[in-house]
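Side-chain atoms are counted along with the backbone in the values below, which use heavy atoms only and exclude waters and symmetry mates. None of the values given here were measured: they were computed from a predicted structure. Residue numbering restarts at 1 for every chain, and letters A, B, ... go by the order of the sequence lines.
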Number of protein chains: 2
Amino acid sequence: MRNTRRSFLYHDVATALRSRIARGTYPPGERLPSLSELMEEFEVSAITVRRALTELTYEGLIRGHQGLGVFVKEKPRIHRVLAGDPDRSIGDEIARAGFTPRLEEVGFNELEADDDVAARLRVPRGSRLFMHQKLTFANDEPVALHSWWFRPRLAKQLRTDLSEQFIFPLLKKRKIDVENLRCEFSSTALREEHAAHFGQPAGSPMMRIDYTMTTKAGAPVIIGQTVARADRFTFEVNLSQRRGRR
Amino acid sequence: MRNTRRSFLYHDVATALRSRIARGTYPPGERLPSLSELMEEFEVSAITVRRALTELTYEGLIRGHQGLGVFVKEKPRIHRVLAGDPDRSIGDEIARAGFTPRLEEVGFNELEADDDVAARLRVPRGSRLFMHQKLTFANDEPVALHSWWFRPRLAKQLRTDLSEQFIFPLLKKRKIDVENLRCEFSSTALREEHAAHFGQPAGSPMMRIDYTMTTKAGAPVIIGQTVARADRFTFEVNLSQRRGRR
DNA sequence: CTAAATTTGTGCGTATGTATA
DNA sequence: GTATACATACGCACAAATTTA
């Protein structure tokens with residue numbers, strides 16, 4: 001008798017608020033009624049309203065500020081087209097969404113390949129590699145963290161420009177031709193080690209894209225990863241279907 | 001003074017549990033200590049443990065069963081390669097992940113195009129269209145909902161096979177050639193109207209892919225959408241970089 | 001078959017901390 | 001300093017699902 005899903009209070013409240021946001025009763029940027037007002041209106045306790053608000057926060061619909069109130073989030077997403085025009089960078093796309101883009105190098109480190117990276121780059125475990133990490137901001141809010149792993153030679157070749165340029169335009173400029181780009185999209189929770197960069201609690205919903213750039217022969221050249229705030233991004237790819245690419 | 005992030009109890013508990021799961025102290029499939037045991041160990045109240053568990057549930061790490069306990073989720077993801085080999089369907093990929101795939105038609109309806117669909121298919125608002133919806137299961141658990149919108153003519157042509165076949169192999173069989181496939185990846189919360197299909201609460205983290213199939217000239221032929229459980233899927237695409245595709 | 005025990009899940013009342021106006 | 005409002009945390013009660021006696 002699993003279908004007799006009785007309803008729960010917090011769920012009803014969350015649903016009601018969701019629909020008000022969707023239909024514009026609470027438009028983007030506006031403040032929601034206070035906790036105590038919502039308690040009165042729905043005739044429930046604080047913890048029930050709280051739980052409903054927590055859910056909507058996870059969904060990226062609202063954001064609370066202590067002492068101020070809870071606000072409906074502005075919705076424009078950054079629309080990132082992967083492997084599109086290499087002259088159009090993620091910076092341009094952030095600007096198109098109406099935000100001011102900024103770029104900040106987090107680190108450029110030498111390290112030894114762990115199991116995961118070694119397998120993806122097809123180098124022996126423990127090999128010397130370089131990792132480059134960059135944060136992108138939209139209106140001074142960090143929205144995506146990009147990590148790239150290079151073999152030493154390529155790392156030295158690109159080092160100076162990496163801190164100021166995005167990688168796709170850079171590769172084009174340096175005439176390093178990458179024949180194939182494999183992207184793996186998944187959805188994760190913000191990991192503890194990345195939480196500080198985003199100023200958000202570990203566990204926030206994130207999108208993750210793992211990149212593998214390969215030569216024509218299929219040998220991996222560069223691997224990378226983007227961890228982006230799930231509520232701020234849409235990623236687009238265009239696939240042309242000319243004969244089976246296998 | 002925003003950097004003096006004092007720590008919170010529920011956060012500390014969540015972090016501790018997360019790391020135990022990560023390092024295998026609680027291996028996949030195993031039961032976590034009960035609420036009251038965790039309360040004792042961490043010397044916190046029930047509500048604090050509860051909130052930590054709620055977070056891990058949102059992250060897809062654990063799953064609770066009333067009367068039984070809380071269990072670490074088995075992690076194999078279904079790895080879906082989009083526009084890869086058209087002979088390999090999502091069913092095969094579910095099987096590869098170690099689950100039994102199943103397919104269930106949810107509906108085939110005539111409807112009038114709303115604003116969103118009309119714009120994407122480039123038909124007048126209110127045009128007659130057909131929508132086809134299918135659920136895919138892995139071990140009898142619904143994991144993805146696929147929706148497709150067709151113009152009437154195409155809908156009639158494909159109708160009979162749609163309930164039993166996946167769309168990519170079907171198009172190949174019928175020699176309907178689609179020159180370009182645009183995929184837009186985003187991350188959303190499970191909507192109220194879809195919650196019943198998945199037997200999960202509205203707001204659960206989902207991945208969403210919007211498809212637009214176009215002819216060489218760029219005219220949209222079929223549009224579709226996949227809503228998939230974020231914790232169960234990885235989507236892969238392969239982009240070859242031969243000359244700027246614009 | 002029934003009853004008790006265990007365990008998760010929902011909900012209330014209350015207190016305290018902290019950020020903002 | 002004061003008022004407001006969100007955020008965290010405690011103790012308690014009860015409902016629902018499962019196992020065990």
Q: If you count heavy atoms of other groups shown closer than 6.0 angstrom to CD of B:Glu110, is the number above 12?
A: yes
Q: How close or far is atom C1' of C:dA19 from atom CZ of A:Arg31, stated in whole angstroms?
A: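 Rounding to the nearest Å, CZ of A:Arg31 and C1' of C:dA19 are 14 Å apart.
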Q: Rounded to the nearest Å, what distance is computed from the OH atom of residue B:Tyr10 to the P atom of nucleotide D:dA9?
A: 7 Å
Q: CD of A:Glu55 versus P of C:dG11: gap in Å, rounded?
A: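 Answer to the nearest Å: 11 Å.
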Q: Carefully, step by step, assess A:Gln133 and A:His146 under the rule side-chain hydrogen bond (donor to acceptor under 3.5 Å, both in side chains).
A: CA-CA 6 Å; A:Gln133 282 192 312; A:His146 312 275; over 6 Å; no
Q: Using a cut-off of 6.0 Å, state whether more than 12 heavy atoms not belonging to A:Arg31 lie near its atom CZ.
A: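 Enclosed.
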Q: Please pick, from D:dA5, C:dG11, D:dA9, the nucleotide with the shortest atom-to-atom distance to any side-chain atom of B:Phe8.
A: D:dA9
Q: Where along residues 36-53 of chain B does a heavy atom fall under 4.0 Å from DNA chain C?
A: B:Arg50
Q: Cationic tip of A:Arg51 within the cone over A:Tyr10's six-membered ring, i.e. under 6.0 Å and within 45° of the normal?
A: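 So A:Arg51 does make the cation-pi contact.
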Q: When you compare the side chains of A:His79 and A:Glu236, does any donor N or O come within less than 3.5 Å of an acceptor on the partner?
A: yes
Q: Quick one: A:Asp12 CG to C:dG9 P, roughly how many Å, whole number?
A: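 Taking atom P of C:dG9 as the reference, CG of A:Asp12 is at 19 Å.
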Q: What is the distance, rounded to the nearest whole Å, between atom CG of B:Leu32 and atom P of C:dT8?
A: 9 Å
Q: Please give, in whole Å, the distance from D:dT8 P to A:His65 NE2?
A: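 Rounded to the whole Å, the gap is 14 Å.
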Q: Of the options D:dA7, D:dA16, C:dT20, whose atoms approach the side-chain atoms of A:Gln66 most closely?
A: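 My answer, after comparing the listed nucleotides, is D:dA7.
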Q: Grab the CG-P distance between A:Leu9 and C:dG9 for me, whole Å please.
A: 17 Å
Q: B:Trp148: what forms a ring-ring contact (aromatic ring centres under 6.0 Å, His included) with it, not counting sequence neighbours?
A: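 For B:Trp148, the residues satisfying ring-ring contact (aromatic ring centres under 6.0 Å, His included) (neighbours in sequence not counted) are B:Tyr211.
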Q: So among B:Ile21, B:Thr25, B:Leu17, which one has a side chain to side chain contact (heavy atoms under 4.5 Å, CB included) with B:Val72?
A: B:Ile21
Q: Can you tell me how far C1' of C:dT7 sits from CZ of B:Phe71, to the nearest Å?
A: 10 Å
Q: State the pairing partner of D:dA5; accept Watson-Crick or G-U wobble contacts with both distances under 3.5 Å, and report none otherwise.
A: C:dT18
